[in-house]
Structure formats: C-alpha cells, structure tokens
Amino acid sequence: MPLELFLDLYSPPCRAIYIFAQKNGIRFELRPVELGRGEHLKPEFLKVNPLGKVPALKDGDFLLAESVAILLYLNRKYQAAAHWYPTELQACARVDEYLAWQHTAVQLPATNVYLCKSLLPHFSGQPVDPVRLDRLLGKLKPALRHLDQEVLATKPFLATEQLSLADLMAFTELMQPTAVGCDIFQDWPRLAAWRARVEAALGPELVQDAHRLVLQPRDPRDAQRDPKLAQELVQRLLERLS
C-alpha cells in the first residue's frame with residue numbers, strides 16, 4: 001500500500017512534510033484532516049494518532065506522529081540528498097539543535113500570532129484584539145533577533161551552507177504569521193534574504209502550492225456550519241492565547 005500522510009496544510013509542520021515529500025519525489029496518498037472542522041478528534045483519525053494531532057503518517061501497518069520524527073523517517077527511508085540531514089557529525093548536530101529549539105521558540109509564538117490574527121476572529125466573529133496581537137508578536141521577537149543577528153550572521157542557511165530540515169521547518173513556521181499580514185521579516189534583513197534563498201531552493205511553485213490554503217481568506221461559512229464546534233474552538237483559542 002502507498003504511504004499515507006494525514007495533513008492539514010493550514011499547519012506549518014504539515015506543510016513542511018508536504019514540501020519535503022514533493023521535493024524529493026516521494027509517492028504518497030494525501031489524507032486531508034481539517035482541524036477547523038474538528039476532524040482530528042473523530043474516531044477514524046484517532047485510530048491513526050490517538051493524540052488527535054496532525055501530521056501523522058501511515059506506512060502499511062506502521063503509524064507515526066510528530067513532524068520531526070516523520071521528516072527523519074522519510075529522509076532515512078527514501079535516502080534523501082545529504083544536505084537535508086547531513087551525515088557529518090557537527091553539521092547534523094546543528095540541524096538537531098534547531099529542531100529541538102524551534103518548538104517553543106519559533107513554532108509556538110508564530111502560530112499564536114496566526115491564531116490571534118486569523119482563526120480567533122474567524123470563529124468568534126469579533127475583530128482582532130490589537131493589544132493581544134502586539135503582545136504575541138513581542139514573544140516571537142527574541143527568536144527573530146537570534147536568527148537574524150546571530151545564526152545567519154555567518155552562514156546562508158540556519159544549520160549549514162546548504163538547505164536543511166532546519167530551514168524547511170523554520171520557513172513554514174515563519175510563513176504562518178506572514179500569510180495573515182504580519183510581515184515579521186521587514187525589520188530583519190538577514191532573515192528576509194534567507195527567506196528568499198529558501199524559497200528559491202524549494203521552488204516558488206511548490207512553495208505557493210503548499211501555502212495556497214493559508215494564503216487565501218477562510219470561508220466564513222465554515223464558522224457557521226457547526227456553531228457548537230466554533231464555540232469550543234473559540235474557548236480553546238482564548239485559553240491558549242491568554
């Protein structure tokens with residue numbers, strides 16, 4: 001049976017896996033899981049990942065969750081080019097360093113900006129809270145400063161001289177607030193130049209394809225289809241962003 005990837009392309013880690021698979025010619029069946037409609041909580045998906053989270057992978061009888069684990073599994077199984085995850089000890093350690101750091105330093109605050117600017121207003125019907133948004137952007141700023149002024153001061157990519165899994169994860173994470181009008185690159189010239197290099201290396205068409213959903217306005221009817229679910233999502237978002 002073909003490899004199955006359970007993804008919601010609104011999610012940065014899901015987009016990273018989608019881009020990696022497409023860029024490396026990996027054949028897979030895309031199994032869309034729409035978080036905004038609660039599909040990750042349905043019994044059929046919980047059989048794939050009992051934690052109720054995307055991304056998830058099914059390879060025959062083998063099930064795997066967590067984005068970094070899935071990327072490393074795909075990299076090893078399909079023997080992707082060495083620049084993605086170098087074999088040289090210290091270069092590999094630099095990729096690992098970013099992948100271990102990014103969850104709370106980049107992914108969490110960047111996603112929270114997106115949730116505040118896009119998802120919370122969408123489901124609540126209320127305008128964006130500028131005070132909350134400014135506070136959340138402030139939590140992302142230390143990571144942006146670190147990447148721009150330290151990490152990218154000596155090399156073109158985050159871990160080595162070439163594109164790696166670290167860059168792929170960072171790119172999709174930082175595109176999340178950018179997609180909803182928060183230009184987090186404008187004050188950081190090295191980071192902006194890095195973004196251009198990553199997009200060129202991945203291919204603009206693939207980048208556009210992967211980000212198609214997150215770059216377009218959400219259908220307002222989605223919030224009206226299931227008012228109870230919308231209310232539950234609003235409560236979860238408010239708790240997360242408080």
Side-chain angles (χ1 to χ4, degrees), residues 1-87 92 95-96 98-100 102-103 107 111 114 157 159 162-176 179 198-216 218-219 222 225 229:
M1 292 183 64
L3 179 79
E4 298 174 72
L5 295 176
F6 297 79
L7 309 175
D8 183 339
L9 295 182
Y10 280 109
S11 159
C14 289
R15 293 198 301 273
I17 289 167
Y18 178 84
I19 290 171
F20 182 82
Q22 295 281 25
K23 186 69 177 175
N24 287 282
I26 298 171
R27 292 179 61 250
F28 66 94
E29 292 288 342
L30 177 61
R31 305 297 188 201
V33 179
E34 296 189 42
L35 300 175
R37 296 186 180 181
E39 292 181 359
H40 58 301
L41 302 176
K42 292 184 177 180
E44 53 266 34
F45 179 70
L46 293 176
K47 292 177 182 178
V48 177
N49 183 6
L51 296 175
K53 295 181 179 181
V54 290
L57 172 150
K58 187 173 188 293
D59 190 5
D61 294 330
F62 179 69
L63 302 174
L64 185 65
E66 296 300 323
S67 55
V68 170
I70 292 171
L71 283 170
L72 293 176
Y73 178 82
L74 294 175
N75 181 77
R76 290 164 179 150
K77 175 169 181 173
Y78 295 98
Q79 300 180 334
H83 66 83
W84 290 107
Y85 194 64
T87 55
C92 181
V95 177
D96 289 340
Y98 179 82
L99 295 177
Q102 55 89 23
H103 294 287
Q107 185 183 123
T111 298
Y114 170 79
F157 294 100
Q162 293 180 285
L163 182 77
S164 74
L165 294 180
D167 301 285
L168 178 58
M169 288 293 289
F171 179 77
T172 55
E173 289 155 359
L174 295 178
M175 282 299 292
Q176 199 73 355
V198 172
E199 186 163 351
L202 294 174
E205 290 185 1
L206 177 55
V207 169
Q208 184 67 28
D209 175 44
H211 289 81
R212 175 176 46 83
L213 285 179
V214 78
L215 287 170
Q216 66 186 18
R218 285 180 175 267
D219 186 342
D222 286 344
R225 287 191 177 103
L229 176 61

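The basis for the numbers below is simple: all heavy atoms, side chains too, and nothing from hydrogens, waters or symmetry mates.
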Asker: Could you tell me the separation between the CG atom of Leu7 and the CD1 atom of Ile70, rounded to the nearest 0.5 Å?
Answerer: 7.5 Å
Asker: Spell out, as yes or no, whether a donor-acceptor pair under 3.5 Å connects the side chain of Lys23 to the backbone of Gly203.
Answerer: no
Asker: Listed by chain and number, what are the ring-ring contact (aromatic ring centres under 6.0 Å, His included) partners of His211, not counting sequence neighbours?
Answerer: Phe171
Asker: Would you check, one step at a time, whether the test side chain to side chain contact (heavy atoms under 4.5 Å, CB included) holds for Leu165 with Leu72?
Answerer: CA-CA 9 Å; Leu165 294 180; Leu72 293 176; 3.9 Å; yes
Asker: To the nearest 0.5 angstrom, please state how far the CG atom of Leu174 sits from the CE atom of Met169.
Answerer: 11.0 Å
Asker: With a cut-off of 6.0 Å (strictly less than), are more than 12 heavy atoms of other residues, nucleotides or ligands near CD of Glu44?
Answerer: yes
Asker: Of all the heavy-atom pairs spanning Leu5 and Ala21, show the shortest one and how long it is.
Answerer: CD1-CB, 4.3 Å
Asker: Could you tell me whether the side chain of Gln176 and the main chain of Tyr10 form a donor-acceptor pair under 3.5 Å?
Answerer: yes
Asker: Of all the heavy-atom pairs spanning Ala179 and Leu215, show the shortest one and how long it is.
Answerer: CB-CD2, 3.8 Å
Asker: Would you indicate whether the side-chain heavy atoms of Val95 and Trp84 approach each other to under 4.5 Å?
Answerer: no
Asker: Applying salt bridge (Lys or Arg N to Asp or Glu O under 4.0 Å), name anything that partners Arg37, two or more places apart in sequence or on another chain.
Answerer: Glu34, Asp222
Asker: Quick one: are Phe28 and Pro2 in side-chain contact, heavy atoms under 4.5 Å?
Answerer: no
Asker: Quick check for you: to the nearest 0.5 Å, what is the distance between His40 atom NE2 and Asn49 atom CG?
Answerer: 10.5 Å
Asker: Let me see the working for Lys47 and Leu63 under side chain to side chain contact (heavy atoms under 4.5 Å, CB included), right down to the final yes or no.
Answerer: CA-CA 9 Å; Lys47 292 177 182 178; Leu63 302 174; over 6 Å; no
Asker: Are side-chain heavy atoms of Gln107 and Pro12 found at a separation under 4.5 Å?
Answerer: no
Asker: Could you report the tightest heavy-atom contact between Gly36 and Leu229, atom names first, then the distance?
Answerer: O-CD2, 3.9 Å
Asker: Which distance, rounded to the nearest 0.5 Å, do you find between the CD of Gln22 and the CG of Leu202?
Answerer: 12.0 Å
Asker: Is it the case that more than 12 heavy atoms not belonging to Glu66 sit under 6.0 Å from its CD atom?
Answerer: no
Asker: Is the shortest side-chain heavy-atom distance between Val54 and Phe45 below 4.5 Å?
Answerer: yes
Asker: Working to the nearest 0.5 Å, report the span between OH of Tyr73 and CG of Leu57.
Answerer: 6.0 Å
Asker: Can you confirm whether Ile17 sits close enough to Leu71 that some side-chain heavy atom of one is under 4.5 Å from a side-chain heavy atom of the other?
Answerer: yes
Asker: Would you check if the side chain of Lys58 reaches a backbone N or O of Gly60 as a donor-acceptor pair within less than 3.5 Å?
Answerer: yes
Asker: So Arg31 and Val48, side chain to side chain contact (heavy atoms under 4.5 Å, CB included) or not? Walk me through it.
Answerer: CA-CA 11 Å; Arg31 305 297 188 201; Val48 177; over 6 Å; no
Asker: Taking atom CD as the centre, does Gln79 end up with more than 12 heavy-atom neighbours from other residues, nucleotides or ligands that are less than 6.0 angstrom away?
Answerer: no
Asker: Rounded to the nearest 0.5 Å, what separates atom OG in Ser11 from atom OH in Tyr18?
Answerer: 14.0 Å
Asker: Between Tyr98 and Asp167, is there a side-chain heavy-atom distance shorter than 4.5 Å?
Answerer: no
Asker: Do Asp59 and Lys77 have side chains that get closer than 4.5 Å, going by heavy atoms?
Answerer: yes
Asker: Between Asp8 and Leu35, is there a donor-acceptor pair closer than 3.5 Å when you use the side chain of the first and the backbone of the second?
Answerer: yes
Asker: Taking the side chain as every heavy atom from C-beta outward, state whether Ile19 and Leu206 have any pair of such atoms under 4.5 Å apart.
Answerer: yes
Asker: Return the minimal non-hydrogen interatomic distance between Ala166 and Ala159, and the atom names on each side.
Answerer: CB-CB, 4.3 Å
Asker: Which residues pass the salt bridge (Lys or Arg N to Asp or Glu O under 4.0 Å) test with Lys42, sequence neighbours left out?
Answerer: none
